[in-house]
Amino acid sequence: MARVCLMSSLTAFTGGERVLEVDAANVHQLMRRLGERFPALAPHLDDSLAVAIDGEIHQDDWFARIAPESEVHIMPRIGGG
Amino acid sequence: MSESVKGNGAAKALRWVGTRAARPDGVDKVTGRARFGADLFAPNMLHGRVLRSPHAHARIVSIDVSGAEKLPGVKAIVTRDDFPEMPSEWSPLGELIVNYHDMTRNVMAREKVLYEGHPVAAVAATSPSLAKRALAAIEVEYEVLPHVLDPVEAMRPDAPLLHDHLFTAGVDPRPETPSNVAKRVQFGHGDVEEGFAAADLTLEREFDTRPVHQGYIEPHACLGSVSEDGQAELWVSTQGHFSVRGHCARLLGWEMSRIRVTAAEIGGGFGGKTVVYLEPLSLALSARACQPVKMQMTREEVFRATGPTSGAHVRVKIGATRDGRITAADAELVYQAGAFQGSPVQPGAMSAFAPYALDHVRTVGYDVVVNRPKVAAYRAPGAPIAEFAVESTLDELARELGLDPLELRLRNAAREGSQSSYGPKFGPIGMAATLEAAKAHPHYHAPLGPHQGRGVASGFWFNIGGETCATMNVNEDGTVGLMTGTPDIGGTRASVSMMAAETLGIPLERIRPIIGDTNALGYTFVTGGSRVTYSSGMAAVQAAEDIIGQVRARAARLWDIPVEAVEWQDGMVAPAGANAGEFDPMSLADVARVSGKTGGPIVGEVAINAQGAGPSFGTHIVDVEIDPDTGRVSIARYTAIQDAGKAVHPSYVEGQMQGGAVQGIGWALNEEYIYDEQGRLENPGFLDYRMPVCSDVPMIDTVIVEVPNPAHPFGVRGVGETPIIPPMAAIANAVEDAVGLRFTELPMSPPRVLRALDEQRERLQAQAAE
Amino acid sequence: MAKLHITTTINGDATEFLCEPEQTLLDVLRDELQLTGSKEGCASGDCGACSVMLDGRLVCACLVLGAEAAGRTVETIEGVARGEELHLVQRKFLEHHALQCGVCTPGFIVAAKALLERDTDPSETEVRYWLAGNLCRCTGYDKIVRAVLDAAAEMRGEEAGA
């Protein structure tokens with residue numbers, strides 16, 4: 001099970017839980033399972049987010065692989081100038 | 001496949017990558033031939049102009065265009081009535097998240113004007129002077145409202161309210177009354193209270209910065225042409241023509257396939273040309289007139305109506321042990337967004353402490369609307385402000401602890417495996433390497449003259465990848481046409497072609513790169529986020545690999561041997577060893593010559609969403625000299641050090657570092673917006689909005705550090721944004737070193753510095769008299 | 001409003017054009033003659049992107065009226081190269097990678113060429129003050145100054161410096 005850390009603004013929708021264990025093989029599965037577990041969170045798991053898997057930031061990358069021992073951070077999407 | 005260049009390219013001797021090759025578009029740009037946004041003319045072309053609000057905040061009671069319509073030669077007028085209402089929702093558009101409810105209002109005011117310069121109507125006429133006269137004939141009735149310019153004032157409950165339906169997001173419970181605070185964000189980990197309790201010394205400081213403009217030399221310009229059947233063409237100076245197409249399609253309610261956008265050469269952007277202003281107006285006017293409509297802003301319009309970056313108020317608190325270990329770091333950031341929500345406070349809050357490995361860190365940010373133009377991205381959006389505050393506070397901390405400021409940073413530097421202040425752990429990064437390089441640099445040890453001081457500061461930026469396409473056509477003679485979709489804003493035709501040439505093993509001159517229009521390539525995200533050399537480079541390398549695979553397959557069939565028995569080496573296909581058979585190696589040109597007979601043209605096509613962009617860290621050293629009589633701070637010496645991963649074209653990497661440093665010098669010393677009592681901008685020109693000129697700065701020395709990014713075939717990291725981050729704090733730190741005064745407010749312009757020097761002299765005199 | 005008929009010499013060629021009295025030389029060059037190498041960055045003489053030579057004197061074309069070109073000679077960026085041979089200053093800008101976006105480059109080249117026609121041995125400070133009327137937001141000026149100093153050195157017949 002991957003260890004998933006949420007950015008703090010999302011903890012309002014998880015009853016304050018910030019670090020979760022989630023069984024997901026990719027980003028798309030991860031988002032679906034988080035939404036199932038915390039229905040209030042589901043509408044916020046949108047395009048404004050990025051996902052860092054073991055330190056590497058992924059944006060718009062639903063099929064990015066998540067290993068069972070991965071550390072995943074859900075964070076805001078990064079833009080730039 | 002071309003194993004030889006996969007993985008870290010630095011492992012192999014490189015022929016092109018790392019050289020200072022000539023840029024393919026160079027001659028066009030030194031002869032005046034290159035066509036920028038305003039350089040295109042179309043037959044039967046009209047000239048468009050925009051009527052803008054003279055008020056900072058007012059309700060639009062009525063707009064009467066009848067007088068203007070009657071003028072001969074006026075062919076079209078558009079106002080708010082010509083743009084459909086948009087829902088308030090955040091829509092993804094590539095990597096941009098945009099709210100079209102706000103965007104349509106920024107392009108053309110609807111209920112209210114929210115800043116001086118806000119468009120209220122646009123006209124197209126047969127000459128520029130006639131278009132101007134037509135604007136004067138439009139009558140707009142306003143009900144002027146109280147306005148607010150400062151973000152801290154705008155947060156007060158009694159502040160004039162810009163939007164009746166703006167409720168602060170990110171707070172629980174959701175507020176019941178609207179306010180100017182669009183959003184609260186928070187980042188960090190650990191427990192800062194616990195961390196501060198463990199500190200021997202805690203410093204808390206507050207900082208103020210002013211909005212500053214990107215200052216691109218080319219004003220916004222475009223030429224839109226819509227035919228009677230609704231097919232539209234747009235020629236525009238932009239950082240992202242695919243984004244322009246998407247925005248215009250949404251704002252006008254048109255299908256994307258109707259609009260073909262071609263990116264002109266772009267005369268600077270720095271983030272400011274990732275948004276649309278004139279483009280939808282030009283298309284809307286052209287659709288009415290069925291004639292091409294050219295629009296270009298004056299410099300005054302650029303200042304009054306296009307996005308600068310935020311001004312901000314930042315509070316920083318840092319605790320440390322006596323030996324210089326940071327135990328806790330906390331910051332609160334209030335960024336003004338301009339008239340619509342969406343300041344870069346979020347990346348500011350994420351990057352504030354990112355250069356350091358911290359156990360206890362917290363940042364809280366507020367996005368605040370005010371009656372100024374909506375901010376646009378500006379080079380590492382949000383980070384320069386936040387890191388100015390942090391790097392200034394760290395310098396004071398080093399002073400109090402009696403530690404060398406580079407040593408304090410080294411003791412706390414983020415390294416591979418450190419948890420970043422925004423969440424994930426860092427991969428291989430160059431923060432410590434830039435600090436070590438700074439420490440070892442002769443500049444850091446050179447003697448200082450009278451009235452001089454030295455400062456250092458570091459900076460961090462994320463960098464991004466994103467959706468990117470490349471097409472590579474092998475011509476019949478073996479030369480190559482390379483098409484990418486990222487406008488070349490600073491030499492990336494060269495760097496991308498160099499990576500393609502390296503992969504293909506052919507001379508660089510045999511590749512001709514162009515920027516394809518929106519019909520020529522798949523969706524490609526903007527030139528921004530320091531992503532072009534990274535992402536378009538990655539796509540071009542993959543397209544080259546695709547070609548190599550096809551060439552090997554053709555050779556295998558010509559030789560009647562398995563494709564595995566065909567090797568690619570130094571731009572040639574050859575049998576892999578004696579067992580594969582005896583055939584003369586064939587060059588790309590040899591295979592291209594028979595391509596028509598062996599299956600048709602050889603085309604490499606790649607469409608990717610590039611991931612794995614690696615962050616870039618930098619450390620700058622600056623010597624300032626202060627004129628005690630005028631308060632003028634001048635830059636005596638400057639050295640910029642940065643991790644580029646791999647510098648594909650070192651001259652353009654240096655150029656990014658030098659240019660970013662000088663923009664930062666402007667931000668630190670002179671650039672600011674000055675408003676009158678009515679909220680009207682008083683300095684909308686280059687004479688009074690004082691950007692650095694050639695005689696203001698010395699040579700900018702550079703040191704390129706290379707800690708390769710494992711995710712890129714050549715180890716590239718984006719380099720464009722990081723260099724604007726360190727200058728403000730480095731200069732403030734140098735000023736303190738020179739005269740013992742700490743400036744927490746930017747810019748450190750001569751009047752402000754002189755006032756502080758005078759106060760200091762009075763204090764000293766008073767002390768002496770006692 | 002009646003247009004003015006102007007006869008002038010541009011890049012060595014006898015040229016006629018019609019212009020409105022308020023049109024600047026820059027407007028005329030760009031909009032009437034399609035000589036778009038001179039750029040409009042400010043229209044107030046602050047950025048130098050429209051630098052041209054008027055009777056051998058460096059001016060901002062945005063500060064000169066089109067009508068003032070009557071009977072005079074104008075040299076623009078389009079006249080700097082001779083056939084396929086780039087001017088030394090153009091060549092040095094390329095060698096030193098002294099441009100990024102390139103929009104200010106024509107103005108810098110016209111201005112730098114004017115400097116080197118007066119003085120082939122300027123100091124770095126003299127180069128910086130001469131070019132202080134030309135804004136560049138991309139390069140930080142470093143490589144531009146090096147290119148001009150190197151061009152001067154080559155004019156003097158010295159080995160490439162900088």
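Per chain, numbering begins at 1; letters A, B, ... match sequence-line order.
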Calculate, to the nearest 0.5 Å, the distance between atoms [atom1] and [atom2] belonging to [X] and [Y] respectively.
X: B:Met691; Y: C:Cys47; atom1: CE; atom2: SG; result: 8.5 Å
X: C:Gln100; Y: B:Ile266; atom1: CD; atom2: CD1; result: 12.5 Å
X: C:His96; Y: B:Ser651; atom1: NE2; atom2: OG; result: 9.5 Å
X: B:Glu218; Y: C:Cys101; atom1: CD; atom2: SG; result: 7.5 Å
X: B:Thr31; Y: C:Ile109; atom1: OG1; atom2: CD1; result: 8.0 Å
X: C:Asn134; Y: B:Cys694; atom1: CG; atom2: SG; result: 8.5 Å

Where does [X] contact chain C at under 4.5 Å (heavy atoms): side chain, backbone, both or neither?
X: B:Ala21; value: backbone
X: B:Gln663; value: both
X: B:Arg20; value: both
X: B:Val302; value: neither
X: B:Phe270; value: side chain
X: B:Gln656; value: both

*Look at B:Asp39 together with C:Arg30 and state whether they make a salt bridge at an N to O cut-off of under 4.0 Å.*
yes
*Does B:Glu265 come within less than 4.0 Å of C:Lys39, counting only side-chain N to carboxylate O?*
no
At their closest point, which heavy atom of [X] faces which heavy atom of [Y], and how far apart are they?
X: B:Ser695; Y: C:Ala132; answer: OG-CB, 3.5 Å
X: B:Phe41; Y: C:Thr36; answer: CE1-CG2, 3.5 Å
X: C:Leu99; Y: B:Arg23; answer: O-NH1, 2.9 Å
X: C:Cys42; Y: B:Phe686; answer: CB-CD1, 3.9 Å
X: C:Gly41; Y: B:Pro219; answer: O-CG, 3.9 Å

Check whether [X] reaches the backbone of [Y] with its side chain - one donor and one acceptor, N or O, closer than 3.5 Å.
X: C:Tyr141; Y: B:Ile700; result: no
X: C:Arg137; Y: B:Tyr216; result: no
X: B:Arg33; Y: C:Gly37; result: no
X: C:Gln90; Y: B:Val30; result: yes

Among [options], which residue forms the greatest number of heavy-atom pairs with chain B at distances under 4.5 Å?
options: C:Thr105, C:Thr125, C:Val80; answer: C:Thr105
options: C:Val127, C:Ile77, C:Val89; answer: C:Ile77
options: C:Asp142, C:Leu86, C:Thr76, C:Ile144; answer: C:Asp142

*Partners meeting ring pair (Phe, Tyr, Trp, His ring centres under 6.0 Å) with B:Tyr689 (sequence neighbours left out)*: B:Phe303, B:Tyr673
Is the closest side-chain heavy-atom distance between [X] and [Y] below 4.5 Å?
X: B:Glu654; Y: C:His97; result: no
X: C:Arg128; Y: B:Val693; result: no
X: C:Thr139; Y: B:Gln658; result: no

*asked:* If you apply the rule side-chain contact (heavy atoms from CB on, under 4.5 Å), what do you find for C:Glu124 with B:Met699, and how did you get there?
replied: CA-CA 10 Å; C:Glu124 182 192 328; B:Met699 293 297 186; 3.9 Å; yes
Residue among [options] with most heavy-atom pairs under 4.5 Å to chain C:
options: B:His649, B:Met657, B:Gln296; value: B:His649
options: B:Ser129, B:Ala661, B:Ala22, B:Gly666; value: B:Ser129
options: B:Ile489, B:Val662, B:Thr702; value: B:Ile489
options: B:Ser127, B:Gly490, B:Gly26; value: B:Gly490
options: B:Gly268, B:Gly215, B:Ala38; value: B:Gly215
options: B:Pro128, B:Ala494, B:Pro698; value: B:Pro698

*Under a 4.5 Å heavy-atom cut-off, does chain B meet the side chain of C:Asp31, its backbone, both or neither?*
both
*Using non-hydrogen atoms only, which part of C:Gln23 is less than 4.5 Å away from chain B: side chain, backbone, both, or neither?*
neither
_Other residues, nucleotides and ligands only: do more than 12 of their heavy atoms fall within 6.0 Å of CD on C:Glu85?_
no
